[in-house]
Amino acid sequence: MADEEQEQITVRKEKLERIRRLGVEPYPTTCQCTHSLKELREKFAELVKAEREVSVAGRVSTVRSHGKTCFLDLVGGEGRIQVYLRQDNLSDREWELHGLLDIGDIIGVSGTPMVTKTGEETILAKTLIFLTKALRPPPVVKETTDESGKKTLHDAFSDKEARYRQRYLDLMVNPDVRRLFRTRTRIIEEMRSFLDLRGYLEVETPVLQPIYGGASARPFTTYHHALDMNLYLRIADELYLKRLIIGGFNKVYELSKDFRNEGIDRLHYPEFTQLELYEAYSDYNGMMEIFEQLLVHIADTVFATKDFEFDGERFTIQPPFERLSIPEALSGKLGLDVMEASAKDLFSACKRHKLEVEGGWEWEEYFNELVEGLLEPNIKQPTFLVDFPQRLSPLAKPRADDPRLVERFEPFIMGVELGNAFTELNDPVLQRANFTAQESLRAKGDEEAQAMDEDFIVALEYGMPPTGGMGIGVDRLVMVLTDNPQIRETILFPQLRPK
RNA sequence: GAGCCGCUAGCUCAGUCGGUAGAGCAUCUGCCUUUUAAGCAGAGGGUCUCGGGUUCGAUUCCCGGGCGGCUCACCA
C-alpha cells in the first residue's frame, strides 16, 4: 500500500532521530559476533559453565518490558535466543537506547550466557548496539504452548497473497517457511552430489534457443537484436544434452530452469526447475534404477527417513518401485485391449467413466484422458508408469517386441508426475519421420507439437550411442517430499500480477 | 478462460437486516528488576479494494473493474 505514512512508521522515524541524537549510528558498518544464534544454542551449556562472554546479533522478534528490566528475543539464521536487559548492567546511554527498540530492529548484544529460573537459555546483556533500525513493523506472530506441549500460532501471517508478494516477511516470521527452503536447497545439493559421485558431468546448455524442442509445450518468445531473430526460452534441455552425448560426454546432467508459457495451478508453474540427465550405453531400465537410488539417497541424507506423508497419506521410499504397464492396467480396467481399440472405442470408454471428452479427437488424446483420469490419481506409493504409446513419444525408442510402444516411463508418487524418461531414440531416419509427423500435427493447429530440428537430425546422423535419459521436476519432488500440496509454496518468489 | 468465494486498523479477524465500525496482538502514555501471546491502567489509529447505480443516506443492496484464493479447463 503506497504510503500515507502510518503512525507506526512516523514513530519509528522519530526514534531513529533520537538514536542519532544520542550519538549512536543506527546503521553501523561492522558487527563483531562470536557466535551465530544457532551455534550459541548448540554450545550453550559449555558456554554457561565456562562463564564466557559472547557477542551475538539478530532481529528483535518480541519484547517483554518490565520497568527496569526487559526480555527480548533475537532471531535469525536458524536460531533464536532470549536476551535479558537490566538497567543496572548497562550504561545510561544503552538503557536509553533500549527504550528506542522496536520489534523488527536488528541489534547486537554482548553478555554472559545464563539460564533463567523458568529454564530459558538467555544472554544477560552487558552491551547493546543498534545494527539496523527497522522503519516498518513486521507482522507480529506469537506462539503459545499448552501443558501438553502443543504449540498454537496467534495472528499467523498466513494470507497467501501477502506472503508471496512480500516473501521476505513470510520468511522473517514463519520459521517453517525458512525450513522448507533450506530443505529445498539440501535436496538439490544431494542431487548434485549423487550424480557427481557417479561420474556425471554437470553442464550448461542454452536457455535461449532458436528452435524449442525436447517436450511438447508453448514457449516464451523473445527477440535478439544483434542477430535480428526470435529466440525461445527453452522448454527442455533434451536436444542439447543429447548433442553432448554424441560429442562423447557419456554421462551429463543439467539442473536449471525450463520455461513453459502455460497456466499456473497446484502442479504447474511457468518457470520450473528441472534435472535432466543422460547416460550413454544405458536405457530406461538404467534410469529407473537411478531414480530409485536418487530418491533413497535424498531420503537418507536430507530426511533421515524412508517414510513420508503427503496430504494426509503415507508413502515409503523403498525400491524396487512398482512398474505399472499402462496398456495392461488400462485394458484390465476397461475390459478391452486399448492398443487394438479404435479412437471411438476409447471415446466411449471415457464416457463410461465420466471423463470429460468430446467426439472426434485423436486416439492418443483419449488414451491420455484415460491414463490421467483412471490411473494417475490412484498411484500413491512410488511407481513407474511404463509402456507409453509411440505416438505420444517422438523422442523415445520403440520397443523391439512391440513398436507401437516405446521404452519410456514416468515416475509417480501420490498422484504427482515427477518426471519422464526413456531409452533415447538414436535412429536418425525414424527421428526425422517422428518430427515430420509432429509437424503435420502442428499444421493442424496443435500449438504444442514439436518442431523439426534439422540440426539435431544432422547430429544424430553422426551417431548417438544407445542412451538412457531422464528429466525430473525438482519443484514437484520438493512438494512431495515436504508435504506441500502447492508448487508455489516451494518457489521463493511466485509470479503475481502487480497490484 | 469458467464457476464459486474473498478484499474492514500494521497483523489476524468480527460486524453493520442501509444511519461512515469493533476485538486481540502491534503502537502511544503511566506503573512494574526473571518474563515468555508477560501483567495492570489509560489513549490514539480506518476514503471498510476501486468506479458507477439505487437511496435522504452505501462499508453494507445492485452493476462493473482490480487483485487474490479454491475448483475446473489448458498445461498429453
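Quick caveat, the model's predicted, so the values are computed rather than measured.
For the pair Lys117(A) and His154(A), nearest-nucleotide mapping onto RNA chain B gives the more 5' position to Lys117(A). Heavy-atom nearest nucleotides on RNA chain B were determined for Lys160(A) and for Tyr84(A), and the one closer to the 5' end corresponds to Tyr84(A).
OP1 or OP2 of A38(B) lies within a sub-4.0 Å distance of a side-chain N or O belonging to Lys142(A).
If you check every strand for non-hydrogen atoms under 4.0 Å, Pro270(A) touches nothing. Base engagement by Asp88(A) is indicated by at least one non-hydrogen atom pair under 4.0 Å involving a base atom. Note on Glu14(A): nothing from the nucleic acid sits closer than 4.0 angstrom, heavy atoms only. Within the nucleic acid shown, Asn261(A) has no heavy atom closer than 4.0 Å to any nucleic acid atom. Note on Arg266(A): nothing from the nucleic acid sits closer than 4.0 angstrom, heavy atoms only.
Rounded to whole Å, the C1' atom of A58(B) lies 9 Å from the corresponding atom of U20(B).
In this structure, the nucleotide among U36(B), U33(B), C67(B) sitting nearest to the side chain of Arg165(A) is C67(B). Of all nucleotides listed (A37(B), U27(B), U35(B)), U35(B) comes nearest to the side chain of Thr116(A).
Within a 6.0 Å sphere centred on CZ of Arg497(A), heavy atoms belonging to other residues, nucleotides or ligands number 12 at most.
In this entry the distance linking CG of Asn174(A) with P of U12(B) reads 10 Å, nearest Å.
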